[in-house]
Amino acid sequence: KDYVAYVPTLGISDFGKTVDEAVKNTEKAIKAYLLTLKDLNQEIPETDSDEYYVTTKKLSLHFNA
């Protein structure tokens with residue numbers, strides 16, 4: 001089972017075997033992204049004030065031909 005953490009404001013996501021690992025990996029991706037924006041002299045997007053919790057559920061769909 002893998003978990004995915006997503007940052008809508010930056011369009012960044014990463015995954016891990018636990019929620020904590022997914023968040024930690026995403027934090028690393030955020031830092032790398034923001035440093036890249038800084039190096040390229042690009043604006044850092046405004047912080048999104050909303051917090052999101054997203055979950056998924058696997059579905060099995062069976063169609064008759």
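In this structure a side-chain-to-backbone donor-acceptor pair under 3.5 Å is missing from Asn25 to Gly16.
Closest approach of Ala29 to Ile12, counting heavy atoms only: CB-CG2, 3.6 Å.
Here salt bridge (Lys or Arg N to Asp or Glu O under 4.0 Å) pairs that include residues 1-30, with residues two or more places apart or in two chains, are Asp2-Lys17.
Within the model, atoms CD1 of Ile44 and OG1 of Thr9 stand 12.5 Å from one another, a figure rounded to the nearest 0.5 Å. Taking CG from Leu34 and CG from Leu10, the interatomic distance works out to 6.0 Å, rounded to the nearest 0.5 Å.
Contact check for Ser13 versus Thr26: no side-chain heavy atoms found under the 4.5 Å cut-off.
The environment of CD in Gln42 is crowded: more than 12 heavy-atom neighbours from other residues, nucleotides or ligands sit within 6.0 Å.
Note on Tyr6: it does not cluster hydrophobically with Ile30, by side-chain heavy-atom contacts below 4.5 Å among ILVMFWY residues.
Membership of the apolar cluster around Val19 extends to Tyr3, Val23, as traced through chained side-chain contacts below 4.5 Å between ILVMFWY residues.
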